[in-house]
Amino acid sequence: MRHEQLGLDGMRIHDLRHSYASTLVNNGATLYEVQKLLGHARSATTERYAHLANHRLQQAASLIDKAYE
(Lines give C-alpha, C1' and ligand atoms only; values in the text may rest on other atoms or scores of the structure.)
Protein backbone atom coordinates (compact mmCIF):
# COMPACT_ATOMS: atom_id res chain seq x y z
CA MET A 1 0.00 0.00 0.00
CA ARG A 2 1.36 3.43 -0.92
CA HIS A 3 1.67 6.25 1.59
CA GLU A 4 -0.91 8.31 -0.35
CA GLN A 5 -3.48 5.54 0.18
CA LEU A 6 -2.82 5.66 3.90
CA GLY A 7 -3.40 9.40 4.04
CA LEU A 8 0.29 10.04 4.67
CA ASP A 9 0.98 12.15 1.59
CA GLY A 10 3.95 14.36 2.33
CA MET A 11 5.14 12.23 5.27
CA ARG A 12 8.92 11.97 5.54
CA ILE A 13 11.17 9.71 7.62
CA HIS A 14 12.38 12.90 9.28
CA ASP A 15 8.81 13.53 10.53
CA LEU A 16 8.75 10.08 12.11
CA ARG A 17 11.99 10.81 13.97
CA HIS A 18 10.42 13.96 15.44
CA SER A 19 7.33 12.02 16.50
CA TYR A 20 9.48 9.26 17.99
CA ALA A 21 11.57 11.72 20.01
CA SER A 22 8.57 13.70 21.22
CA THR A 23 6.69 10.57 22.24
CA LEU A 24 9.67 9.33 24.22
CA VAL A 25 10.19 12.64 26.05
CA ASN A 26 6.49 13.09 26.75
CA ASN A 27 6.41 9.65 28.32
CA GLY A 28 9.33 10.17 30.65
CA ALA A 29 12.51 9.53 28.66
CA THR A 30 15.30 11.99 29.31
CA LEU A 31 16.79 14.10 26.54
CA TYR A 32 20.05 12.24 27.10
CA GLU A 33 18.34 8.89 26.46
CA VAL A 34 16.62 10.20 23.33
CA GLN A 35 19.90 11.69 22.13
CA LYS A 36 21.57 8.30 22.36
CA LEU A 37 18.65 6.49 20.71
CA LEU A 38 18.63 8.90 17.77
CA GLY A 39 22.41 8.90 17.48
CA HIS A 40 22.82 12.65 17.88
CA ALA A 41 26.29 13.90 18.74
CA ARG A 42 24.97 17.17 20.20
CA SER A 43 22.19 17.59 22.75
CA ALA A 44 21.06 20.77 20.97
CA THR A 45 20.02 18.66 17.98
CA THR A 46 17.91 16.42 20.20
CA GLU A 47 16.23 19.44 21.79
CA ARG A 48 14.96 20.48 18.35
CA TYR A 49 13.48 17.01 17.83
CA ALA A 50 11.82 16.53 21.20
CA HIS A 51 8.77 18.73 21.58
CA LEU A 52 7.31 18.71 25.07
CA ALA A 53 3.57 18.49 25.48
CA ASN A 54 1.98 21.08 27.77
CA HIS A 55 1.06 18.46 30.37
CA ARG A 56 4.73 17.50 30.75
CA LEU A 57 5.69 21.13 31.26
CA GLN A 58 2.98 21.48 33.90
CA GLN A 59 4.21 18.34 35.63
CA ALA A 60 7.75 19.71 35.68
CA ALA A 61 6.58 23.03 37.09
CA SER A 62 4.63 21.26 39.83
CA LEU A 63 7.84 19.63 41.11
CA ILE A 64 8.64 22.85 42.97
CA ASP A 65 5.37 22.50 44.92
CA LYS A 66 6.36 19.00 45.98
CA ALA A 67 9.78 20.20 47.08
CA TYR A 68 8.28 22.77 49.48
CA GLU A 69 5.35 20.78 50.90
If you measure from [atom1] on [X] to [atom2] on [Y], what distance do you get to the nearest 0.5 Å?
{"X": "Thr46", "Y": "Leu24", "atom1": "OG1", "atom2": "CG", "answer": "11.0 Å"}
{"X": "Asn26", "Y": "Gln59", "atom1": "CG", "atom2": "CD", "answer": "9.0 Å"}
{"X": "Lys36", "Y": "Thr30", "atom1": "NZ", "atom2": "OG1", "answer": "10.5 Å"}

Quiz prompt | Results of side chain to side chain donor-acceptor pair (under 3.5 Å) for Arg17 - residues two or more places apart only | solution =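 Arg17 satisfies side chain to side chain donor-acceptor pair (under 3.5 Å) with His40 only.
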Quiz item: Considering all heavy atoms of both residues, which atom of Gln35 and which atom of Ala41 are nearest to each other, and what is their separation?
Solution: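 Between these two residues, the closest heavy atoms are NE2-O, 3.4 Å.
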Practice problem: Determine whether Leu37 and Tyr20 make a side-chain contact, defined as any pair of heavy atoms from C-beta on separated by less than 4.5 Å. | Solution: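 Yes - at least one pair of side-chain heavy atoms lies under 4.5 Å apart.
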